[in-house]
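Inspection log for the structure reproduced underneath, given as structure tokens.
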Amino acid sequence: MLVLGLETSCDETGVALYDSERGLLADALFSQIDLHRVYGGVVPELASRDHVKRMLPLIRQVLDEADRTMQDVGGIAYTAGPGLVGALLVGASCARAMAFALDIPAIGVHHMEGHLLAPMLEEQPPEFPFIALLVSGGHTQLVRVDGIGRYRLLGESIDDAAGEAFDKTAKMLGLRYPGGPEIARLAGQGVAGRFRLPRPMTDRPGLEFSFSGLKTSVLNHWNKTVAAGAADEQARADLAHAFQEAVVDTLVIKCRRALEQEGLQRLVIAGGVSANTALRQSLEHMLTELGGEVFYARPRFCTDNGAMIAYAGCRRLLAGQQQDLAIQARARWPMTELEAV
Ligand code: KG4
Ligand code: ZN
């Protein structure tokens, strides 16, 4: 089955064609970063309008690249949530209209399930069961995964998501949006040991996260450094390094705890923050110690993309799941509500 996947939950228009027999045939992405950068974050109305402009040209592009036509498409998958409702509606209505016209099934995909399954597009996909660490701009969750749609939430952030903490901290340090990659770049030039930051909620049992205090701690250090007249490029890099190290340490500690609690040795990391090299390295190290393995997608499939939606939709469509003609778009949608495949 050839599935067209559409992703429009936030500030990236992602389109891909996935074939159940041959794998990923083509994928294309338009990132709106330049559009939102002047505002320091995503402006929902601008995001929706831009998705409208990009969607059809991107669909034509992937069809051309894969040497296919719309008549070859057997199903359409679109991101139905969670995300910005106006942005979601662009992909959802486009998918629904095309599916209706072509008389083929369409399915609304959960954005975080898309992220979670993205490592399945790689050469050595993980086998079930595994622990998934989902770290994106809106979510930080530890999930036990026993199969597609068989998710048990083990813990999540009680305030900011990891990606959000990266973005807000970057803003405080005067870095560009989106902050994750900027902090990662700057941290590479930083020296360890100058600033000491907390590892939130690691000194007590449980798998919950909290990143908002860490952000405040960075702000206090930065204000003191500014007041002391020492706020130069090196100080900024050192603080970025300390921040990244604190987030990574915290995530590693909680992942280890989740693996031990569930008696598992396979860890999947997914979502934008899983592109972070320091996080990948520390998790690799921890899993080697445990005799286990860590899985992640190639960097461009860690952040939002159409391929993960096409893949997740394909798996569900093949299992006979599809929805009626209603256009689905949900700002909030717990992943644990999903039907098992
Ligand atoms: O999954 P994603 O593309 O969108 C959401 O579903 O939210 O994640 C975006 C988040 C942003 O907060 C961004 O700053 C962060 O992922 N991010 C990173 C890196 N690349 C993207 N954070 C840390 N290090 C990175 N290399
Ligand atoms: Zn995402």
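When a ligand or atom number is given, it counts from 1 through the structure's own listing order. Given the structure is predicted, the values throughout are model-derived calculations rather than measurements. All residue numbers in this chain count up from 1 along the given sequence.
The shortest N or O to N or O distance between N276 and ligand 1 is under 3.5 Å. Taking any N or O of E12, backbone or side chain, none lies under 3.5 Å from an N or O belonging to ligand 1. Between G271 and ligand 1, not a single N/O pair is under 3.5 Å apart.
From Q71, atom CD reaches atom CD1 of I104 across 9.0 Å, with rounding to the nearest 0.5 Å.
Listed by chain and number, H111 NE2, H115 NE2, D304 OD1 are the protein N/O/S atoms closer than 2.8 Å to the Zn ion (ligand 2), with waters left out.
The shortest side-chain heavy-atom distance between P198 and L214 falls under the 4.5 Å cut-off. No side-chain heavy atom of T8 sits under 4.5 Å from any side-chain heavy atom of Y78. Considering only heavy atoms from C-beta on, F243 stays 4.5 Å or farther from L173 through its side chain. With a 4.5 Å cut-off on side-chain heavy atoms, D304 and H115 count as touching.
Near G138, meaning under 4.0 Å from any of its heavy atoms, are these atoms of ligand 1: 7 (O). Less than 4.0 angstrom separates some heavy atom of D167 from each of these atoms of ligand 1: 11 (C), 12 (O), 13 (C), 14 (O). Those atoms of ligand 1 that come under 4.0 Å of a heavy atom in G137, given as number and element, are 5 (C), 7 (O), 8 (O), 9 (C), 10 (C), 12 (O). Here is the list of ligand 1 atoms found below 4.0 Å of a heavy atom in H111: 6 (O). Every atom of ligand 1 is numbered from 1 in the order shown, and the set under 4.0 Å from a heavy atom of G163 is 12 (O).
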For D159 and S210, run side-chain hydrogen bond (donor to acceptor under 3.5 Å, both in side chains): C-alpha distance rounded to whole Å, both residues' side-chain angles, the deciding distance at 0.1 Å, then the answer.
CA-CA 6 Å; D159 42 56; S210 165; 2.6 Å; yes
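If you check each of G272, P82, A170, A118 against atom 16 (O) of ligand 1, the one with the closest non-hydrogen atom is G272.
Paired with R316 under the rule side chain to side chain donor-acceptor pair (under 3.5 Å), one option of Q322, E339, E113 passes, and it is E113.
Residue E337 places its CD atom among more than 12 non-hydrogen atoms of other residues, nucleotides or ligands, all under 6.0 Å distant. Heavy atoms from other residues, nucleotides or ligands lying under 6.0 Å from CZ of R315 number 12 at most.
R280 and E284 are not joined by a salt bridge, as no carboxylate oxygen comes within less than 4.0 angstrom of a charged side-chain nitrogen.
In this structure, F301 has no ring-ring contact (aromatic ring centres under 6.0 Å, His included) partners at least two apart in sequence or on a different chain.
With respect to atom 22 (N) of ligand 1, the closest heavy atom belonging to the protein is G180 CA, 3.3 Å.
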